[in-house]
Every structure is written in structure tokens, then in C-alpha cells.
Amino acid sequence: MTTGRTTELRYNPRELDKKWQDRWAADGLYRVRDDDPRPKWYELTMYPYPSGDLHIGHWYAMSPSDAHARVRRMQGYNVLHPMGFDAFGLPAENAAIKRGIHPFTWTMDNIANMKRQLRSMGAVYDWDREVNTCLPDYYRWNQWLFLQLYKAGLAYRALAPVNWCPSDQTVLAREQVQDGKCERCDTPVVQRDLEQWFFRITRYADELLDFSGLLDWPERIKLLQANWIGRSEGVEISFDIAALGLEEQEVRTFTTRIDTIYGVTFLVLAPEHPLVSRITTPAQRRAVASYVDATLRETEIERQSTEKEKTGVFTGAYAVNRLNGERVPIFIADYVLRSYGTGAVMGVPAHDERDFIFAKKYGLPINVVVAPPNWDGGELKEAYLGEGVQVNSGPFNGMSSAQGMGAIAGHIERQGWGKRTVSYRIRDWLISRQRYWGTPIPIIYCDHCGVVPVPEADLPVLLPEDAQFKPTGESPLRYHQGFFNTTCPQCHRSARRETDTMDTFVDSSWYFLRYPNATYEVGPFDPAAMRFWNPVDQYTGGAEHAVMHLLYARFFTKALRDIGLLDFGEPFLRLFNQGIILGEDHDKMSKSRGNVVAPDEYVEALGADVVRIYLMFLGPWDQGGPWSTAGINGMARWVNRVWDLALREYGVGATHASPLPDAAATRNLVRLTHKTIRRVEGDLDRFRFNTALAALMELSNALGDDWEARNVDAAAWDAAVDALLVLLAPCAPHITEELWERRGRPYSIHQQPLPAWDDALAADEEITLVVQVNGRVRDRLTVPADITEADARAAALASPRVQALLGGKPPRHVVYVPGRLVNVVG
RNA sequence: GCCGGGGUGGCGAAAUGGCAGACGCAGCGGACUUAAAAUCCGCUUCCCCCAAAAGGAGUGUGGGUUCAAGUCCCUCCCCCGGCACCA
């Protein structure tokens, strides 16, 4: 045990946890029914990858969400709070390569272990509704949904430059590339051209920017998604290259600064731009070819580095700016990206930082067309990006650049040289993975019929069990003759199967639709059950999924709605992101730092409840924070105090009755009880577990004092203790159930409603009136809560401390804040 | 560089513009004990002071608004996260 000194509990936590977990399971206490008349509440937490071990981060994500789901139960909702496994993915395959264990075996063993660990948490999960994405009865519906998207034109195959991880031997989605490296193994990613499957998420870019269908999402996540989608309005403007005598008469560029069109002194194409080879003059051929080669060899890190000096090569060709008839040279440069806009940009060095640097380096003219304020007509030291007055802009001179923007765009559209358009940063979602352990893409390639979808009746396309895992990491599917060779469903001649599998984010894009009907066999979901529970009322999980899982799931929901499978467009109405639990040294937990906390040890020693409430108490849930071994021992001590309090026999006939209950003390306890109920329910509702638990501690401290003083009425004592247990029950389900039983209350505490509070009983009779002189606290007076303003002012002025400070002079001004303070301004 | 979030005692933290530091941890003192652990009680932001009272200072920095600012506005610094040649 690495937990150091550990508080001894009043009870055996292992036995107590097991007793109640077994009893709840036997009674089906958490079995969820679809025919329950109470309002439904679907509370979901992001399902885990079955790595094999439930670590403290899982506990930090899952036990508070379980507590919140329990709060909703106690508030009278019919609550679905399911759990499952994101079971496809690369680690299983790596285990197969390294240790010769089949991914299926590895994954299912891990799931078995994690389910045991998850059960130890004592959550309300209804395991009858478990979802496991690596089983054919789940992934067949991945395939079915793929076919529906394909039919709708939302899934397509294209040759595209992709991010390839040489170590994992697969392509990556752009979201999975971090700083030019593979998110998983840190290998520098290289560019390759491959035939890949895509989902047309870009068709939904504008709708994904519309968050109006959401009830409560963190602003931060919406902003992250908006930035990722990266919508920018601009103008597509073509330049005339008819003089080159090619089939193409023009080069199209995209700009957000059409007001600077008269300042164009060059054009730049991406090195991969299809026109490059055709426009290049014989004299420049060699230079251009070697530059293009060098660019393709670059890794993403090199290409994307902003520190790198701007480089480029002249193609020898010129284009004409149609607005002023000027002839400008065409360059290629690797800072222009093929995949954004049109893959070509107009160079306006006076008004764009990159173009400015490029022009300086290659000696290109810098023509000011938007005059900065107080511009003297001289040379610019740096690009001027702001607004100004149009100059050197032909008929648009004298307009503000804002006016110029509209006027020039209108002129271009009338002339047919271009049009106003919108560009997005987001690209279509690349879902092909050259891996075994994923959902096979249900497509067949036939020499006669071309790309043929697998007929729905033939689903699922099963992963072959007898796959050979190569040390190179290449997908076994390509070498599995029985899988690879098939017959065309249309012409019945021999054909080949697609060997790529789907990104696992496809699985998680609709798993929430499956929980309500996890065993449904005629479709991905039973429309009635799915619709009864969906959309998810409250989703919780880490913010790292802001632009991947959450965006993909929103896209899927909208796409399935348009196909006619759903009648709603947002999957998750409310979202809460928990923070990250750090090591005791305040660093991110990692094996290499040796600061990883294993929850099982603490659950074993202190029970699930202590681990749960400690994690909830350590700070605001959305901020995360450092683990503290001393801190969790403090929680164990408090649990002991609650245990003692709850079992004390206080009252009529008991050994520790008050001979003569004190009316004032009793009123104080009743008041505190009602205040605590009000506070705790408000806090729990808004995921503020730390302050909810602090309020319960205050109540338990007060009960301790009352026990010592023996001065409160027995009924008030019992009501306070019962309220304490019921309010604590969502956070600490096991010990509250035990204490509830020992106190002779009816099973189960988890079927009790949250107690109601009475504002009248919670109201203070006396308040502390703070008396300030010139804004500084100089006295505190205890006065009746309903004191009149006149009395409060008089009492404050009568204070000897105030009198002394005023020195006999009348105050200039007195501020009164009802129920709080009087500020005497002298 | 741009966009978020954050900076409060020895530590984790609390605080509708109205008593800064609730609650917990650690520490110190006391009770109980042959002793220790556990438990219980008390103290615990800093400065001045033998001590207390009474003062004074104090929520990253500097300024502002206000009778009153941790909270609102402006400047700058630092930490964390995201994006980053997106034309």
C-alpha cells in the first residue's frame, strides 16, 4: 500500500460496499424502465476506452456524474445513466503485434476487469443496456449507417493528400495530428496521396456553427468548434492567364481583403496546385520541379513552421489583374496551402504580413492601396492591416476600405470576374484507417461494376478471427485471402473487399442512440425507445473532445436527421466539462513521473464512498486539481464523524436526551437544517460538489456541538441527521444506505426524494449588521433581521466606535444596505 | 501572434459590488492515555506588540470607477489549454 498512514474507519468498507452493491443488483434498484410515467432524464458520461485499468481520471469523470444522475433520480426523474466501452482502436492491435494476444481477447479481458472496477464505484449504471462497439451486433450498424450516408452522398471516396503516420501505418484525421506529429505515438507525420473514404462534414459547416439548439454548453467549447470550423467570408477573384495559351484561361484566388485588389503585385500558388506544371516556363522548369519535390518531402512540422523563412520560386508565368490590367508574376511557395480556398492567393505586400516578407525577399513592388491614418505617401515599414481610405484604386479612390470592400466585390460580380464566397478551415472527415481492429468499411471493388456497396442483407461484414498480425503493423486484412477475395453482389464475378476500417470516432458518433435499445436487432435503434430517451439531457466528459467527438456526433445527428432517421438535430442538450486530476506534485499524472494514483488501493482501504467524495471535494469539478493523500484521509475522518452522529441515540428514552431542550438552540438547528438543504440542492444541481460537501460538513459540525450541549429537541435532531444522510446519499451511496437502515428508515435511501426546505424556517431572526466608517469595518452589531432602516441607521450612529471616529462632527452621508451594513461617510 | 481559462494563507479552496480566507488539509497548544495511535477541544493571513486590546497592510502588477472592488473598467506580468503561414 502506497497510501501512507490511513485513517481507520468505523466499519469494514469492503464488506459494506459489497453488501449494498449485491443488494442493489439483486433488487434491480437501478434498472431503468421505459414505461415509467415520471419525466425522463438522460444523463450520459463519455464512455471509456477499455485500456484494462480504471484509473483515477475515470473515477474523477464518472463518480461526480453518477452523483448528479442520482440527484436527478431523487428529484423525481426517470433517469437513464448508462455505461459502455469504446472498444475498437489501435492499442488492442499493438498488443496483438507485441504479445501475440488477439485484439478481441485482449479487449474483452480488459472490459471484464474494468466492469469489475466500475461496479466497485457503486454507480447507478444499468448493465442491461451496456454498449460494446467491437461486437458485431454494434458495428454492423456502423456499417449500415455508413451505407445510408453513402446513399445520401455524405460518404465518398477520393484521392487526397493525407496525413500518414509511418509508425502506426495508418492515415490520421487532421484532428489527430498534433504539432505535425501523430497524437498517439509522436512520430512526425508525412503527406501521402491515397484513395480514402470521407464523410462530408463540410456540408454542415454552417449548421454546426449554429449553437442555438443547445440548452447549456460551455462557451469555451462552442468557441473551439467555431474556430475549428473557421468560417471566413471573402471573394473568389480570377486572374487572366489567357496569354499563356493554355486550356485554362484563368487562375482563381480567394481573398478576405478584396479592398486591396489594386495592390496585387504577384500571385502565389501552392506547390501542389494542378496548374503549376502547365504554366511553368522551360527556363524555370528545373527550379520549380526541385522546389515541388522538396515541399512534398517536408513533414507537416517543417511545412507548418511559422518561424521558417518564406521561400518560393518564380514559375516564369504572368497573370493579369483584371481591375487595373497590370501584369504580375506567378510564384509557387509552400506557405500557400492547396487545401484551403482555391490553393492560390493574390500577393498584396502592403496589406498582408506574409506577402510583405515575401515581396521584400524577392524584390517585388509594395503598392499601398489602403492609406493608413496620417499616411505621408512614403514607404511602409511593415504591412498595414487596418482600415483606411482607398488610394491607387482607380474608381474606388476616396472610399473607406469598408465601403471599398463592398463596392469592389459588386463590381467584380457584375463583370463576371469572380463572386462573393465563404471559405472554411474545416475539411471533410477522413474515416479510413489502414488497420484491422475497427469496423470494416462495407464496400466491394469490382472490375466490372466499380465501387459496390455491400447489400444491407449481407451485413455485418465480419472481421476475420484468424488474422495474422505482422510486426510491420500493416493491416492483416489486406493479406487475408478469405476476407479480401469476394464476389461482386451485382455481377457475381470475383471482386475485392475494401480492407480499410473506420475511424473509431464513427462508433462514438451515435453510441448514445444505442443505449436506450442496446440489444435491438432490426436496426441501429428502435425508433420509439431511442426517441423516448434522446436527445441526451446532460452530457459530461473531458474538453479534449471539443473538436473531434463532439463535433462529429453533432454532424452525425444532423446527417441522420436529414436522412430521416431522427427528428432532432443536436445530440447533447447540456454539456459539462470536468477538469483534469493532477498528481500530488501538481503535475499531470504519468508513469514516467511516477505520480500516478491507483484508485483500487484507496477503494480497498477506505471504500468507494471516501474516494468519491474526496474527488468531489478537492475543488470545483470543472477546474480539476491535484490529488492529496492527506486530503483523502481527512474525508475518511469526516465519514467517521457522520457515522457516529447518525448512530447516536438522542432523544426521548435515549441515554443522551436533553432534559430540557433549549428553544433557541433548537430553532438554530432547524434553521441550519433548512439552509443546508437549500444550499446543497442548489450546489448539486450545478455540479458544485465541493461547496455542497462543505455545507454538509458545517451541518455535521453543528450537530456535534449540539450533542455536546445536549440542548436541542429530539425531533429537530432526527430531522437534521436524516437530511444530512439523504443529501449525502448521491455522493456517498453505500454508507448512507447502511446508516439509513441502521436508523430504521425504509429501504432504500436511494428511493427517497430530496428533502424540501422551507424558506421561512431557513430565515434568520438576527443578523450581524456591519458598521463601516468611510468604507472600513469599525463595528458589528447584532440586530433583529427585520430591523427598519431608521433603526439600523440610528444603531450604527450610536455605536461608540463610530462616535469616536466621527469626533462629534455629523456624518456627511450614510449608506444603508438592508440586512447587511451601514456605511457612515464622515 | 490570436482566442479561451486562471493567478486569493504553508497547501486544496470559499466569497449575488457590501464582514476576504467558509469548508478541508497541514501545523501548534491542550484533554484523554503508563505511552503512542485514534478521538475530542482550542489556536492558526501577515506586520507592529512580552502579550492582549487597538491599529496597519493584504486577493499577480500599476492605474481607474464607486460610499464600498477578489468581484466592474483600462495597462502590464506570469501559469494552463486551444489554434497557429487559413490568404
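Residue numbers start from 1 in every chain, and the chains themselves are labelled A, B, ... in the order their sequence lines are given, proteins ahead of strands.
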Would you say that [X] contacts [Y] through its side chain, given a criterion of any heavy-atom pair below 4.5 Å between the two side chains?
| X | Y | value |
| --- | --- | --- |
| Pro13(A) | Leu606(A) | no |
| Tyr362(A) | Phe266(A) | no |
| Phe239(A) | Asn321(A) | yes |
| Thr311(A) | Tyr291(A) | yes |
| Trp59(A) | Pro64(A) | no |

Want to settle it: does Thr691(A) or Glu219(A) sit nearer the 5' end of RNA chain B, counting the closest nucleotide to each? Glu219(A)

More 5' along RNA chain B: Lys588(A) or Arg220(A), using each one's nearest nucleotide? Arg220(A)

Any idea which of [options] is nearest the [X] side chain?
| X | options | value |
| --- | --- | --- |
| Leu223(A) | A26(B), G4(B), A87(B) | G4(B) |
| Leu224(A) | A26(B), G82(B), G12(B) | G82(B) |
| Glu698(A) | C85(B), C23(B), G12(B) | C23(B) |
| Trp228(A) | C23(B), C40(B), C83(B) | C83(B) |
| Phe254(A) | C67(B), C25(B), A87(B) | A87(B) |

For [X], report the nucleic acid contact type (base, sugar-phosphate, nothing); a contact means any heavy atom under 4.0 Å.
| X | answer |
| --- | --- |
| Ser628(A) | nothing |
| Gly634(A) | sugar-phosphate |
| Val336(A) | base |
| Val825(A) | sugar-phosphate |
| Arg641(A) | sugar-phosphate |
| Ser232(A) | sugar-phosphate |
| Asn701(A) | sugar-phosphate |

Would you check if the distance from the ring center of Tyr614(A) to the ring center of Trp627(A) is below 6.0 Å? yes

Whole angstroms only, please: what is the [atom1]-[atom2] distance between [X] and [N]?
| X | N | atom1 | atom2 | answer |
| --- | --- | --- | --- | --- |
| Arg637(A) | C23(B) | CZ | P | 15 Å |
| Tyr614(A) | G12(B) | OH | C1' | 7 Å |
| Trp627(A) | C11(B) | CH2 | C1' | 16 Å |
| Asn774(A) | A68(B) | CG | P | 9 Å |
| Ile221(A) | G81(B) | CD1 | P | 15 Å |
| Arg648(A) | U39(B) | CZ | P | 13 Å |
| Ile229(A) | C83(B) | CD1 | P | 14 Å |
| Trp621(A) | G5(B) | CH2 | C1' | 18 Å |

By side chain to side chain donor-acceptor pair (under 3.5 Å), which residues pair with [X], not counting sequence neighbours?
| X | value |
| --- | --- |
| Asp779(A) | Ser799(A) |
| Trp217(A) | none |
| Glu584(A) | Thr629(A) |

Taking [M] as the reference, what is the distance to [N] when you measure between their [atom1] atoms (whole Å, please)?
| N | M | atom1 | result |
| --- | --- | --- | --- |
| U71(B) | C85(B) | C1' | 40 Å |
| C73(B) | G81(B) | P | 26 Å |
| U8(B) | U59(B) | P | 11 Å |

According to salt bridge (Lys or Arg N to Asp or Glu O under 4.0 Å), does anything in residues 219-228 of chain A pair up with another residue at least two apart or in another chain? List the pairs. Glu219(A)-Lys222(A)

Does Arg671(A) have any side-chain contact (heavy atoms from CB on, under 4.5 Å) partners at least two apart in sequence or in another chain, and if so, which? Arg667(A), Asn668(A), Lys675(A), Asp764(A), Glu765(A)

Please enumerate all protein N or O atoms sitting under 3.5 Å from an N or O of nucleotides 70-73 of chain B, with distances to 0.1 Å.
none

Partners passing salt bridge (charged side-chain N to carboxylate O under 4.0 Å, His left out) against Arg793(A) (at least two apart in sequence or in another chain): Glu789(A)

Give each protein N/O atom lying under 3.5 Å from an N/O atom of nucleotides 53-57 of chain B, with the pair distance.
from, atom 1, to, atom 2, distance (Å)
G55(B), OP1, Arg801(A), NH2, 2.0
G56(B), OP1, Arg778(A), NH2, 3.4
G56(B), OP2, Arg778(A), NH1, 3.3
A57(B), OP2, Arg776(A), NH1, 3.3
A57(B), OP2, Arg776(A), NH2, 2.7

Glycosidic conformation of G9(B), taking syn as within 90° of 0 and anti otherwise: syn

Rounded to the nearest 0.5 Å, how far does CE of Met697(A) lie from CD1 of Ile613(A)? 6.5 Å

Straight-line distance of Asp334(A) CG to Glu272(A) CD, nearest 0.5 Å: 9.0 Å

Any protein N or O atoms within reach of nucleotides 16-18 of chain B? Criterion: under 3.5 Å, listing atom names and distances.
from, atom 1, to, atom 2, distance (Å)
U16(B), O4, Arg820(A), NE, 3.1
G18(B), N2, Gln772(A), OE1, 3.4

Is the count of non-hydrogen atoms from other residues, nucleotides or ligands lying under 6.0 Å from Lys360(A) atom NZ greater than 12? no

Angle class for the Phe505(A)/His545(A) ring planes (parallel below 30°, perpendicular above 60°, tilted otherwise)? perpendicular

Are Arg425(A) and Trp228(A) in a cation-pi setup, meaning NZ or CZ lies under 6.0 angstrom from the ring centre and within 45 degrees of the ring axis? yes

Checking side-chain contact (heavy atoms from CB on, under 4.5 Å) against Arg257(A), which of Val369(A), Val370(A), Val235(A) comes through? Val370(A)

With both pairing distances under 3.5 angstrom for Watson-Crick or G-U wobble, and | for a partner in another strand, the correct string for RNA chain B is (((((((..(((.....[....))).(((((.......))))).(((.......)))..(.(((..]....))).))))))))....

Set of residues satisfying ring-ring contact (aromatic ring centres under 6.0 Å, His included) with respect to Phe356(A), sequence neighbours excluded: none

Is any side-chain nitrogen or oxygen of Asn577(A) closer than 4.0 Å to OP1 or OP2 of G81(B)? no

Under 4.0 angstrom between His586(A) side-chain N/O and G12(B) OP1 or OP2: yes

If you take any heavy atom closer than 4.0 Å to RNA chain B, which residues from residues 419-428 of chain A end up in contact? Arg425(A), Arg427(A)

